[in-house]
Every structure is written in structure tokens, then in C-alpha cells.
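Below is one structure, written out as C-alpha cells; comments come after it.
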Amino acid sequence: MSDLNQTPAWAALEQHQRAVAPLHLRDLFARDPGRFERFTLQAGPLFLDYSKNRVTDETLTLLLALANEAQLSAWIERLFRGERVNGTERRAALHTALRHRGDAPVLLDGRDVMPDVRRVLEQMRKFSESVRSGDWRGYTGQPITDVVNIGIGGSDLGPAMVVSALDADCGPLRLHFVSNVDGADLSRTLRTLSPEQTLFVIASKTFTTQETLLNAHSARDWFLAQAGDPVHVARHFVAVSTQRDEVVRFGIDPAHMFEFWDWVGGRYSLWSAIGLPIALAVGMDRFDALLAGAHDMDEHFRRSPLARNMPVLMGLLGVWYINFFGAQTQAILPYDQGMHRFVSHIQQVVMESSGKSVTREGRPVPCATGSVVWGGPGTNGQHAYFQLLHQGTPLVPADFLAPIESRTPLGEHHRVLLSNFLAQPEALMRGKTAAEVRHELERTGLKGDDLERLVPHRCFSGNRPSNSLLFQKLDARTLGALIALYEHKTFVQSVLWNINAFDQWGVELGKQLARDLLSELSDAPGRAPHDASTSGLLAYVRSRLSGH
Ligand code: G6Q
């Protein structure tokens, strides 16, 4: 494929950007009473207002032309049809099969994957129901009260996010997530638990990840210190993995293994058996609703015309800011405390998928790819980093998300939350002119130099773009649609940049490097000489370690 930045569509967008850059959103709204109607879209439970973006009708036409140039529609079909879109690992990325509904087959190399998907879903249902109902007993005959998921990255962030977003506290089980190899993570969690009533889910696609295996071994030692006989491990340790042999090697009965497959990427795996802690926390019916919501979004993404396609529009708007305005970061700001882990999960989806600098063919990419995704729940951020959003120099496109209904009986809290959700994008868009600031200050009695000195500090340039995403309430189905929306948005951008969204060699590098240095910490010779800084640091750490 030829580089997209060499196409007429790209050149047209560059030229168009020069015309749009001086336009102020305030004027675009004033001039065009139909802007909100035209630049809003409903997809299932999600309502997107993208009218506060620095775009005109022509911008969207040109961005869609760019998408056509990149053959986006054909790539979407390739994704759903199980083609090997992950070229470097020669794998499909069929996470959409995990949430597929109905009886139609989903073929991978001519074989229907759905019987396997359904078999594992059924296994998850039986198991989660027996643990939740108290039928599943620990080694002393007591029911399970606490579940500890041990996993990292894709085997942690997704399930941990969904469990906190779906308000799992009301279920019969307490869920804990241990990911960091820093022993503080595991010991802090185990401190309050009783081995007799604790179930460990060891979640690892490869079952070779250093952090997870070390945490799992330490958890087993902790368990056996009380339980004594290793035969009891079977009632307290289950595994989620693609690697049966490794699971057996660890000592978990394969009957207690929940399988998934190499065509499921780690950051796209919460829909697979990696979602077991979700089913344990909120029940299999709600896990199923989560899958159904994601499937609704899959259908919308696959079937809607590009111009009325939510992940496509959000992806193209991202490209507009990253490639034509030089934006380097993007904020995600959910006005829902339960979504406090949402940003970390989407951050992984986006930054691991788009953090690439060569094309699918291995040539250097000719334009910027990806952006730093950050953010957190509103209103907290308003008292912290929003200052930079309002008055800083970088352009930070922001997504504001909010449920219309609260899940708590504290209705007044929710009205305050919603008023903030509405106020911030408006302020970012409108800004405040010098005349408005003067008028405001005069009303406080300030005048002359004292007033003028303050004016530049209290002006807001505005014209800062945002999307607003509203949904009735954050139930499982809606959350499924929201996560799938960001997954597909990320895929759209990868198609435009012609990069592989489904490999992660940078993550693999981290795994490799740490293994090598671990042996050197114990005085074993290294495989390759280090630079002076690393050798110096290694020697420093070694001397202090042995000094203890
Ligand atoms: C996700 C990444 C990465 C991975 C973890 C854990 O896409 O590949 O975050 O999920 O490194 O890997 P395992 O599940 O194999 O332990």
C-alpha cells in the first residue's frame, strides 16, 4: 500500500486544515443552527455529540475520502472475517467472535470457532454459579468469600475495570486484583484474607509472564502454609490461559483451566475466559450482557455507512488532530466514579495498538501514529489537570462521558455531576474573551491598571475540541458497547496509518530484558555487555543488595 500522506486526499486535508485552523468553534455554532443535529449520532445506547470539534462538513467529507483511500471498509471486513490482520504474529484478531450472537459460524481458516467459544462460556457459567451460590467449597468445606485474580496487562486491566465499573460490591464475592511483581501488591491483598475461603484465578495467556508466575507461586506458598497438603490446591486455584502444558506444569488441574486462543490479543481478552473474574463478581448473566453490548457495537461498526459510524467518526477525528493539528495526547474523562479504571484499560488498548513506527510492510511510517491517552474521572480532574486543558499551550482533544441516570439514590449528587459534565466542554469550546473578562472584573469594582494586569491571565482562548458521549445508565450492555467503541476506533486509526494494531513487540522486549537482568542481579554473567550507565547501576544495586 502506498503511503497515505502521498495521496490527494491527504494533500486536500492539509490544505483544508489551513482554512479551518483560524475558525473559532463559537463562530461555527453561531453561524450554523443545524450544527448539533448534523454532528450527533446515536448507536445503540450511546449518544455522541461531536459538534464541538474543529470541523466543517467539508472536513468530514475529506476525512471520509481519506478512509476510502485507505480501504477502510475492506479492512473492517477482513477483521470480522478472521483474516490474519496481525501479520507479524500471523494471527487473526477475532475478539469479535467472543461476543458473537446467534448461530451463524465464525470461520477461522475454514473452521468454525463458535463451538469452542460457547463451550468455554458454558464452563464459565457453571463454575461462576457454583462459586457464587456457595456450592463450590474450599478445602475445609467452607464457601468461597474472596477471589484474587493474578494477572497483568491485558490479563488484569480489562476485568479489573469492568468489575469496578459494574459495581460488583453487591455480589456474594469480594474481588481482588494483583498484578505488580512488587510484593507489596500481593502481601497487602493477602493480609486480610483467609486461605480457607479464597479462590485464586491465575490469568495469563502465555502462562510464562514473570510477574504473574511469581505472584502465583507466592500465593500458592501462602495457601499451602496453612492448607498443608498440595491436593487442596485444586479447590483454590484455577487458571485462564491458552497454554495447557504450562498450566499443568504449574500444578493446576486442566479440568480447572478455562481456555482461550491465540487469536485473542491480551488487550482484547476481557471478552474471553479472562473475563472469569467479571462473571464471578457480577454473575454470568451480566457478563453475557456485556458481550451483547459489545456485539451491538460490532454490528454497528460492520454495517453502518462510514459517515454514520461512531468508531469510524471518532477514529477520523483523532487522525484529524494527530496528523493535521499535531496533537500528541488525548484525554478521556468519564463523569462516573465507577469508571475510574476505564482510562487505564483504554490507554492500554490505544497505546499498545498504535505505538508503532513502521508500516505493515516494515517501512518507517511517514506520519505520526497514536497519541498518549490519559485522564480520569470527573469532577476530580477539574481540580487538577483541567487547568492545562483550559489554558495550556498543547491542543488536547477530550472525550467527556456520562450516564444520565445515577446508580445511587443520591440524585442531587448526580445533578451536580451532570452540570459539571455539561459545563466543561462548553467552557473549553467557548473560551472567554478579553471583553468578557473586563466586564466581569468591572462588576467586582476593579479598574485601571489593576484590572488590565489581570485580563490576559483570565482570558480563555476556547476553540478546544471535545466529544460528549452520553448513555442512559452504566449497565453491563452499555459498558460492553463503550469498550468495543474504543477498540474499533483504535482499529480504524491503525488502518489509516497502515500499522499492525495487534502486535506488541515493545511489551515483549520488557519481558526479555528483565529476565536477563534478573540473573545478573544474582551475579550470573550477562548475555551481552551493558552500557556504562546500566553496568554502573547494576553494580550499585548488587553491592547494596549483598550488603543487607
Ligand atoms: C496485551 C499485552 C500484554 C499482556 C501481558 C500479560 O495485549 O500483550 O499486556 O496481556 O503482558 O501477558 P500474559 O497474559 O501472557 O501473562
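Atoms within each ligand, like the ligands themselves, are counted from 1 in listed order.
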Classify the contact between K205 and ligand 1 as side chain, backbone, both or neither, using a heavy-atom distance cut-off of under 4.0 Å. both
Enumerated ligand 1 atoms positioned under 4.0 Å from heavy atoms of [X]:
X	answer
T209	12 (O), 13 (P), 15 (O), 16 (O)
G266	1 (C), 7 (O), 10 (O)
I152	5 (C), 6 (C), 10 (O)
R267	1 (C), 7 (O)

Tell me: protein heavy atom nearest [atom], and distance?
atom	value
atom 10 (O) of ligand 1	G154 N, 2.9 Å
atom 15 (O) of ligand 1	T206 OG1, 2.6 Å
atom 9 (O) of ligand 1	Q348 NE2, 2.7 Å
atom 2 (C) of ligand 1	E352 OE2, 2.7 Å

Min N/O separation T212 to ligand 1 under 3.5 Å: no
Answer yes or no: does atom CZ of R118 have more than 12 heavy-atom neighbours from other residues, nucleotides or ligands under 6.0 Å? yes
For atom CZ of R90, is the number of surrounding heavy atoms from other residues, nucleotides or ligands below 6.0 Å larger than 12? no
Using the six-membered ring wherever Trp is involved, compare the ring planes of [X] and [Y] and label them parallel, tilted or perpendicular (cut-offs 30° and 60°).
X	Y	value
F207	F250	perpendicular
F301	F491	perpendicular
W261	W263	parallel
H95	F502	tilted
F127	F258	tilted
H295	H100	perpendicular

Applying a strict 4.0 Å limit to heavy atoms, is K511 in contact with ligand 1? yes
For E211, state whether at least one heavy atom is located under 4.0 Å from any atom of ligand 1. no
